[in-house]
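Values reported hereafter were calculated over all heavy atoms of this structure, with side chains retained and with hydrogens, waters and symmetry mates removed. Predicted model, so just to flag it, every value in this text is computed and none were measured. Chain letters run A, B, ... following the sequence lines, proteins first, then strands; residues in each count from 1.
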Amino acid sequence: MTFRHKLLAVFSLTVFLSVAAVAWLVSAMTRRAFDKADNDRTAALVTQFQREFERQGAEVVRRVETVTASDAVTRMATMLNRTSTDSSGYFELAKSLADSYQLDFLEFVDARGNIISSAQWPAKFGYPETAFESLSSSDKQPAFLKQEEVQDSTALGLFAVRASHVGDRPIYVMGGRRLDKNFLSGLVTPSDSRALLYQNRGDRFSSDLLVEPASGNTPLSDPRSVDKFAPIIQAVRQSNQEMAGVIHWSADQADDELFHAVPLRGNGSEHPLLGILLVGNSRRSYVELKRHIRDSALLVGSGGIVLAILLSSWAAARVTRRVEQLALAAQEVTAGNWNARVDASGDDEVAQLAGSFNRMTAELLNQKERLVQTERVAAWRELARRLAHELKNPLFPLQLTVENLLRARQSDSNQFDEVFRESARTLLAEISNLKGIIGRFSEFSRMPQPQLQDVQINDILRAVAQLFRAQLQAPGRPPIACHLDLDDELRTIAADPELVHRALSNLVLNAMDAMPNGGALTLRSDREDGKIIIEVADTGSGLTPEECERIFTPYYTTKQHGTGLGLAIVQSVVSDHGGRISVQSQPGRGTTFVIELPRNPDTLRIVPAASEVSQSNG
Amino acid sequence: MKRFAWPSLVISSLLAAALAAAETRPQYGGTLHVAMRAAPATLDPSDSTQTDSFTRRNLTLLIFETLLTTDSSGRMHPALALSWQAALGNQRWQFRLRRDVKFHDGTALTAEIAAASLRAANPSWKVFAEGDSVVIECETNDPEVPGELALPRNSIVKRNPDGKPSGTGPFHIVDWQPAKKLTLAAEENYWGGRPFLDAIEIEVGKNYHDQSIALELGRADLVEVAPEQVHRASIDGRHVSSSEPMELVALLFARDATTPEEKLLREALALSVERASMRSVLLQGAGQPAPSILPTWMSGYGFVFPAETDLPRARHLRDQVRGVTTWTIAYDSSDPIARLLAERVALNARDAGLSLQPAATPAADVRVVRIPLAAADPWIALANVGPVIGLPAPKINGGSAEDLYSAEQSLLATRRLIPLFHLPATYAAAGTLRNWKPGPDGSWSLADAWLENEKQ
């Protein structure tokens, strides 16, 4: 990833995170505000229910008082205070008065607590009223919650008790209204709210005990839906405190409802939990608002990101353009173009960096030129030294031979002739030697360009081994074992077989010279990263690090009669094939020359002409 | 002053006596309006698919007649049969028919028609005509054949090709709208003499409340009165008349008790029922608590059966059975007292540790039923209870009260039936309906009733 792309990614990420943070912040604030509004609305609804509860209770009290004061009850109380009158004649009175006064529950109970007449369970006459002992018939006694057993179930109702004191034996009138669908329907709730009632009976949650309004929101016809109330009901039953929870009606969160469960307690010392009021608020408006915020955030975020990418691209391009120029210039320098320069205008850090780069490359170029001049001088000096050395050796015999001829001139002719012939041979031999020396220098200066063709390196290595096999095992000298370690799956490469053969032959000759006491010569081929690796290793005396550094320098030799051109020729051949050669050696442990050649001609063409020589010590 | 006063007093007395005599003199004409709760779908007396009731019997006997009739003491009297005699030890009965009796369509009554009618009503009987007589041959000694023939379901019916039945009774059918209304007209050629009433319009399927209102508004002259309303109706000044307690209210189990445990539970239920409080409150004093199938006035031994509640023993019996069995107790939803009885029985049962769930459903473990006893004759009444409750008729080995008791005891021992009450059939009549009183068995006998002038 480029610096520009990184910069672009950083800018975009920064914008995205900023937008996301803002969206989250807005969402959180919205949720908090909605929760507050929801709590306020629920509290208002609960308060309304309590007011409605009190109003209904007051209405129940009023109706029960009216019934108690009615002529029928007064007449009944009067008659029942007569010892001879039984109560069977009033069996249906509760039912008729309950219908008249619109009470769901109405019972007349005698002074002993036995039911005279019951509207809600007519057949229960004569049975004791179970709640008789805990009831108060005080005129100030408000309405209270009570679970009333009826024929086939138990109902929750709002009750009031009053007494008719006509004679010595009062008649108690217990009336009430059922907390049922109609009661809940009477509660005025907002359009997206509703109130349900759970009648707390038994040990476990039962869907049959949940009462919903007769009209209004979606009825809970599916028992599985009703069962979703079980956790919050159980929680209230266990804690006996108000609880809240969200009920998920479907996979769509908009259908969720937040329910507040308010315990409804009855009279008595223990204040038993008789019912649980469930006030539900639809989460639809909240979810839709949240979705709107999310969609807006996504839209704004997406737009911001696109804008940020565009702006970041522009900004990154401005910032990174000179850095990229620096990088390109550095690559050119790396590639050998030491004349690379960058624009150093401006006064910021990048401009300072560009100026430093320009100065650095200029300094490097100067140093290189100085180094080249120094090396050129050194090379000329070495060449002169070698030439002097090479030429001095044959010149000395020539001088001696000519001096012998001069001295022989003064001798008799026979002796002179013999000396002359002898000197002439010597002169010719030395002159031939001089010509050979000059020829080798001439040959080095005229190294031919490789004629590339498909070459199997293993074949060349085998040919070289075969060529020198006789010399390696020549009698009179310590034997040198020749080993071939070839990669059989080596593919052909584009190379000049004669030049490669010559280079390898030079390396074998060097190896033989390095092993005057015998040893082992190993010729090895291998593959590595699309290249052919050729190794020529000996077990000879080895080279010092200084020798390794200079061993490829023309005319440098470690041998007494060497020209110093053998390895230079090898390096020249390898370089002309786009490869490179290196040497690994330690004194006393032998030397290994490693040649790396590219496999195909395409690679060969793009390789720079200058060869790279890496040298390292084992 | 004295001379003037005495003659005036005498004249006034004579005028009053004359007016009174004029009021009690039978008058022909008028249409009697009757309302009733039962809603029969057919008028065929032998249709056993219809629920038996006093009202249905009375409808039948307005149109059809039996060979014999019984009086309040159970004695047999000639009707369509003038005489009868038994032979072969009560195994062969011969009934000689009254002559010159005609069906409403003008067809003369013959022995063949009468035999065919009886065969249709009693497929197991061997009945055939022999001259002007109908002969019934039984496989065993059966002294109750005359009593059986007095039952309304054994009325002589001539079935016409169009399917409409024709009878020989004092009234013939003018219009019949099943389960809605029946209009009858006096049969001019009735062998017993033309009825006083010209016509009778009977509205069926009317509940007690509607009947009471109809009587109050003058739209009905004769209505039924619910047992619990009898006391109230009397207080309100209605002309209320009741039969003897002829209707058995009972708990009827849908199946036999198959295990000893179930028998214990049923006995516990029977012991837990508070008949006295139910009668005094729910029935407002009407009827009689009934621990037996036959009422005491009929059998004479009803007091032998314990009617009191024995809750400790009921609990003891209940505790002998492990587990809780919940029975459903059903009632006729159109019968208000049946529901209250069912609920009260369920309450009583709960006190004994039993669980009964009242429900107005046809399929139930136990049901509150009303069984109109077939006749005032206890033998015939008991014999007909068995088939009604799904059991074979009890075998009565003799004609003594002990034999009758044994047969009833064996029927009760099945634990299929728990008697609760015996209720009378009670009617309220308008003040203009004269010479009418229901029989001890709840029969109407409207052939002799008449209406005062203002109703004509």
Side-chain angles (χ1 to χ4, degrees), chain A residues 71-72 75-76 78-80 82-100 104-110 112-132 147-155 171 201-203 206 208-209, chain B residues 208-209 212 226-236 249 251 272-287 289 309 311 326-331 333 335-352 355-361 364 368 420:
Chain A
D71 292 343
R75 191 161 49 246
M76 175 180 67
T78 304
M79 296 299 290
L80 292 181
R82 298 178 184 174
T83 53
S84 60
T85 305
D86 70 24
S87 60
S88 60
Y90 304 98
F91 159 68
E92 293 183 315
L93 183 61
K95 178 66 176 170
S96 62
L97 289 179
D99 292 340
S100 300
D104 298 321
F105 306 109
L106 185 61
E107 277 184 352
F108 300 128
V109 181
D110 65 19
R112 291 175 297 174
N114 293 327
I115 297 171
I116 299 170
S117 176
S118 173
Q120 60 268 25
W121 197 349
K124 210 177 179 184
F125 62 88
Y127 273 76
E129 167 54 52
T130 52
F132 180 75
Q147 277 185 342
E148 178 68 12
E149 188 182 22
V150 292
Q151 172 59 48
D152 51 357
S153 65
T154 300
I171 298 297
R201 296 203 304 271
D203 297 331
S206 171
D208 297 333
L209 299 177
Chain B
Y208 289 123
H209 183 257
S212 175
E228 68 275 15
Q229 296 295 330
V230 172
H231 181 62
R232 172 65 58 188
S234 299
I235 292 175
D236 291 345
V249 179
L251 301 178
S272 70
V273 175
E274 293 179 329
R275 294 180 178 83
S277 61
M278 287 189 205
R279 175 177 175 267
S280 64
V281 178
L282 299 182
L283 300 177
Q284 292 292 295
T309 306
L311 208 52
T326 299
W327 288 325
T328 52
I329 178 169
Y331 51 84
S333 58
D335 185 357
I337 200 66
R339 173 175 183 163
L340 287 171
L341 288 173
E343 290 180 359
R344 185 68 180 188
V345 167
L347 262 174
N348 294 157
R350 192 174 68 171
D351 294 341
S355 176
L356 265 72
Q357 185 67 41
T361 174
V368 178
L420 296 178

Contact summary for A/S88 and B/V281, nearest pair of heavy atoms: CB-CG2, 3.6 Å
Can you name the residues that form a salt bridge (charged side-chain N to carboxylate O under 4.0 Å, His left out) with B/R339, not counting sequence neighbours?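 Residues passing salt bridge (charged side-chain N to carboxylate O under 4.0 Å, His left out) with B/R339: B/E343.
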Should the pair B/R344 and A/F125 be classed as cation-pi, given the thresholds of under 6.0 Å to the six-membered ring centre and 45° from the axis?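 Cation-pi check for B/R344 and A/F125: passes.
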Honestly, the part of B/R279 sitting under 4.5 Å from a heavy atom of chain A is neither
My understanding is that only residues two or more places apart in sequence, or in another chain, count here; which of them pass side chain to side chain contact (heavy atoms under 4.5 Å, CB included) with B/V249? B/L341, B/V368, B/R370, B/L420, B/F421, B/L423
Tell me, yes or no, whether the heavy-atom count around A/R201 atom CZ, taken from other residues, nucleotides or ligands under 6.0 Å, exceeds 12. yes
Under 4.5 Å, counting heavy-atom pairs only, tell me which of B/L347, B/N348, B/L340 racks up the most with chain A. B/L347
